[in-house]
Amino acid sequence: MAPTKAPDSSRRSDRSRRAIHDAALALVTEVGYRRTTIEGIAARAGVGKQTIYRWWPSKAAVLMDAFLDLAGRSAEGAGSGGEAPSDEAAQGIPDTGDLVADLKLVLRATVDELNDPALEAPTRALTAEGIVDAKLGAEFVHKLLDPQLALYVTRLRAAQEAGDVRADIDPRIALELLIGPLMHRWLLRTLPLTHAYADEIVDYAVGGLAPRP
């Protein structure tokens, strides 16, 4: 008689984690952050509450982990749609020597992410809740925004060294000229968020950052 193969606990755990992630994102999209509960996530995922509490200390931790996982999967999907990205593109903002083109490429990709239905609702929910929940907001900034903003700082410092932008600018402030208008239009829905708008932001911002004659 052939020996019975023991169940793979790691695969079972991975499936459970993914089910919990998917359930958390679905609920926060459907009912909002405040009405999403551990009980609701557990029921939606088909697991017990203790399974969730074994891996995460709170609802906020579940949702943050789920969102980071979703963002990672989205980035992998974007990278697999065509030619393999260069080392620079894989590590951060491309540096082709053309600052305007590089920034337009990245901001257009950001527009696509913000307009993606799978990402938009949970991003809005966590962003809105982070405004009133200081702890959640700080975690959102630390785990998600700061690593992304650091890529802009790196690219702008390279542009300074190349003489493409003024040596006296603060890259951390300069990047807000790019990100700030994009997020303002997206959050408040003042006008459509488009590639053309992203291109104009880059043109305006880089024009103001360029060395003065």
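Everything numeric in this text was worked out from a predicted model, so none of it was measured.
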In Å and rounded to the nearest 0.5 Å, what is the [atom1] to [atom2] distance from [X] to [Y]?
X	Y	atom1	atom2	value
L105	L107	CG	CG	9.5 Å
L70	L63	CG	CG	11.5 Å
I52	E39	CD1	CD	8.5 Å
H184	L193	NE2	CG	12.5 Å
Y197	L191	OH	CG	8.0 Å
Q148	L175	CD	CG	11.5 Å

Restricting to non-hydrogen atoms, name the atom on [X] and the atom on [Y] that form the minimum distance, rounded to 0.1 Å.
X	Y	value
P211	G163	CG-O, 3.3 Å
L156	V165	O-CG2, 3.9 Å
T29	P122	OG1-CD, 3.5 Å
P147	L144	CD-O, 3.4 Å
P181	L178	CD-O, 3.7 Å
F67	L119	CE1-O, 4.2 Å

Test your reading of the model: is there a side-chain donor-acceptor pair from [X] to the backbone of [Y], 3.5 Å cut-off?
X	Y	result
R185	P192	yes
R155	P94	yes
W186	L114	yes
T36	G32	yes
D102	I93	no

[X] side chain near [Y] side chain, heavy-atom distance below 4.5 Å:
X	Y	answer
W55	V62	no
S58	Y53	no
Q160	R166	no
Y204	L177	no
V28	L126	no
E120	N115	no
D95	T154	no
R34	V132	yes

Salt bridge check: are [X] and [Y] linked by an N-O gap of less than 4.0 Å?
X	Y	answer
D69	R18	yes
E200	K104	no
R44	D22	no
R172	D170	no

Q) Is it true that atom NE2 of H195 has more than 12 heavy atoms of other residues, nucleotides or ligands lying nearer than 6.0 Å? A) yes
Please tell me whether H21 and W56 form a close aromatic pair, meaning their ring centres lie under 6.0 Å apart.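 Ring-ring flag for H21/W56: true, centres closer than 6.0 Å.
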task: Report yes or no: is the cationic atom of K59 (NZ for Lys, CZ for Arg) closer than 6.0 Å to the six-membered ring centre of Y33, at no more than 45° off its axis?
output: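 Relative to the ring axis of Y33, which defines the angle, K59 lies inside both limits.
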query: Same hydrophobic cluster for L136 and V141, using side-chain heavy-atom links shorter than 4.5 Å among ILVMFWY?
result: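 L136 and V141: one cluster.
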Do L151 and L209 share a hydrophobic cluster, counting only Ile, Leu, Val, Met, Phe, Trp and Tyr and linking them when any side-chain heavy atoms are less than 4.5 Å apart? yes
